[in-house]
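See below for the structure under consideration.
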Amino acid sequence: MKYLIASDIHGSAHYTKQLLLAFEKERADKLILLGDIYSHGPRNALPKEYSPMEVSALLNAVKDRLIVIKGNCDSQVDEMISDFDFINGVCLNFGDKTAYLTHGHEYNKDKPTKTKFDLVIYGHFHVGEIEDKDGAVYICVGSVALPKNQSPRSYLTIEDGEIILKSLDGEIINQIKIQELN
């Protein structure tokens with residue numbers, strides 16, 4: 001099973017199309033979006049080709065291969081235009097390692113969960129990074145549409161025990177092997 005994990009589309013039809021091209025090019029089985037799907041949020045500029053309805057149509061077309069986690073900019077009304085649910089979080093097992101996937105506004109490297117996970121994967125901060133901290137690996141997948149701090153637009157893939165943070169152009173930013181985690 002190959003996962004492609006991305007976050008913070010913020011209503012950009014342009015970058016949703018690019019993400020879906022990467023999803024197909026990667027030949028991933030599941031696309032997991034870590035929230036902030038349609039709304040640009042009050043602190044963000046409008047992203048390129050801001051069109052929540054078009055983003056909805058694009059994502060509805062892949063709903064059978066899609067898991068969406070609710071972000072802090074997502075609301076109940078967003079579900080009205082979506083053929084998929086917005087859920088609070090997901091746990092995935094990779095052998096004896098457990099990953100928790102969330103948006104990042106409640107749990108992240110600076111606000112860890114009380115439950116022990118080997119990996120915590122999130123978005124929210126719009127800067128892709130992989131950091132080992134306090135016995136867990138924290139991975140921020142960055143943002144597809146609105147990266148911050150001059151970081152590249154990014155996403156994550158997980159396959160065969162390897163986690164790879166990539167730019168939207170497919171260039172490797174960082175990578176780790178799950179079996180090498182403490």
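Positions are given from 1, in the same order as the sequence printed here. Just so you know, these numbers come straight off a predicted model, no measurement behind them.
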Spatial distance of atom OG (Ser56) from atom CD (Glu79) [nearest 0.5 Å]: 11.5 Å
- prompt: Do the side chain of Ser82 and the main chain of Asp78 share a donor and acceptor less than 3.5 angstrom apart?
  reply: yes
query: Judged by atom type as modelled, is there a donor-acceptor pair below 3.5 Å linking the side chain of Asn60 to the main-chain atoms of Ile81?
result: yes
query: Which distance, rounded to the nearest 0.5 Å, do you find between the CG of Asp64 and the CG of Leu31?
result: 12.5 Å
- request: Please report the shortest heavy-atom distance between Tyr155 and Glu26, naming the atom on each side.
  value: OH-OE2, 2.6 Å
query: More than 12 heavy atoms of other residues, nucleotides or ligands under 6.0 Å from CG of Asn88: is that the case?
result: no
- prompt: What is the minimum heavy-atom distance between Phe86 and Lys70, and which atoms define it?
  reply: CB-CB, 4.0 Å
query: Do the charged groups of Asp134 and Lys109 touch, with an N to O distance under 4.0 Å?
result: no
message: Out of the candidates Leu4, Leu19, Thr16, only one should pair with Leu33 under the side-chain contact (heavy atoms from CB on, under 4.5 Å) rule; please name it.
response: Leu19
message: Using 30° and 60° as the class boundaries, would you call the ring planes of His40 and Tyr50 parallel, tilted or perpendicular?
response: perpendicular
query: What are the two closest heavy atoms between Ala6 and Val141, and how far apart are they?
result: C-CG2, 3.9 Å
- request: Would you indicate whether the side-chain heavy atoms of Ile163 and Val137 approach each other to under 4.5 Å?
  value: no
- request: Please answer whether the main-chain N or O of Leu34 pairs with a side-chain N or O of His103 as donor and acceptor at a distance below 3.5 Å.
  value: yes
message: In the structure I gave you, are the side-chain heavy atoms of Asp110 and Lys133 within less than 4.5 Å of one another anywhere?
response: yes
field: Verify same cluster id: Leu165, Ile176 (apolar side-chain graph, 4.5 Å)
entry: yes
query: Ile87 and Tyr38: same hydrophobic cluster, using ILVMFWY side-chain contacts below 4.5 Å?
result: no
- prompt: Any donor-acceptor pair under 3.5 Å linking the side chain of Asp29 with the backbone of Arg65?
  reply: no
task: Output the distance between atom CD1 (Ile9) and atom OG (Ser39), rounded to the nearest 0.5 Å.
output: 13.0 Å
query: Does the side chain of Tyr15 come within less than 4.5 Å of Ser143's, by heavy atoms?
result: no
- prompt: Are the side chain of Asp36 and the backbone N or O of His10 linked by a donor-acceptor pair below 3.5 Å?
  reply: no
- request: Could you please spell out the steps behind the salt bridge (Lys or Arg N to Asp or Glu O under 4.0 Å) verdict for Arg27 and Glu159?
  value: CA-CA 11 Å; Arg27 295 182 167 180; Glu159 181 182 35; over 6 Å; no
message: For a quick test of reading the model, state the closest non-hydrogen atom pair linking Asp118 to Lys97 and the distance between them.
response: OD2-CA, 3.1 Å
- request: Dump the intermediate steps for side chain to side chain contact (heavy atoms under 4.5 Å, CB included) on Ile5 and Ile139, then the final yes or no.
  value: CA-CA 11 Å; Ile5 304 168; Ile139 302 171; over 6 Å; no
task: First locate atom CG of Asp160, then atom CD of Glu162, and finally report the distance between them rounded to the nearest 0.5 Å.
output: 8.5 Å
- prompt: Can you name the closest pair of heavy atoms from His126 and Cys140 and give their distance?
  reply: N-SG, 4.4 Å
query: Sub-3.5 Å donor-acceptor pair from the side chain of Ser12 to the main-chain atoms of Ala145, do we have one?
result: no
query: Where do Lys63 and Phe84 come nearest, in terms of heavy atoms and distance?
result: CB-CD2, 4.5 Å
message: Would a single hydrophobic cluster contain both Phe23 and Leu66, if residues Ile, Leu, Val, Met, Phe, Trp and Tyr are joined by side-chain heavy-atom contacts under 4.5 Å?
response: yes
query: Is the OH atom of Tyr107 crowded by more than 12 outside heavy atoms at less than 6.0 Å?
result: no
query: What distance separates Tyr100 OH from Leu92 CG, expressed to the nearest 0.5 Å?
result: 11.5 Å
query: From Asn108 CG over to Ile121 CD1, what is the distance, rounded to the nearest 0.5 angstrom?
result: 14.0 Å
task: Would you mind reporting whether Tyr3 and Ile67 have side-chain heavy atoms less than 4.5 Å apart?
output: no
task: Find out if a path of hydrophobic residues (ILVMFWY) with successive side-chain heavy-atom gaps under 4.5 Å connects Phe125 to Val120.
output: yes
task: Spell out, as yes or no, whether a donor-acceptor pair under 3.5 Å connects the side chain of His14 to the backbone of Glu49.
output: no
Steps toward side chain to side chain contact (heavy atoms under 4.5 Å, CB included) verdict (Leu58, Lys17): CA-CA 8 Å; Leu58 291 165; Lys17 291 173 193 170; 3.8 Å; yes
field: Joint hydrophobic cluster, Val62 plus Ile32, side-chain heavy atoms closer than 4.5 Å
entry: no
Polar side-chain atom of Asp74 near backbone of Ile37 as donor-acceptor pair, under 3.5 Å: yes
query: Should Glu129 and Asn174 be marked as a side chain to side chain contact (heavy atoms under 4.5 Å, CB included) after you check the CA-CA gap, both sets of side-chain angles, and the distance that decides it?
result: CA-CA 8 Å; Glu129 67 177 359; Asn174 200 348; over 6 Å; no
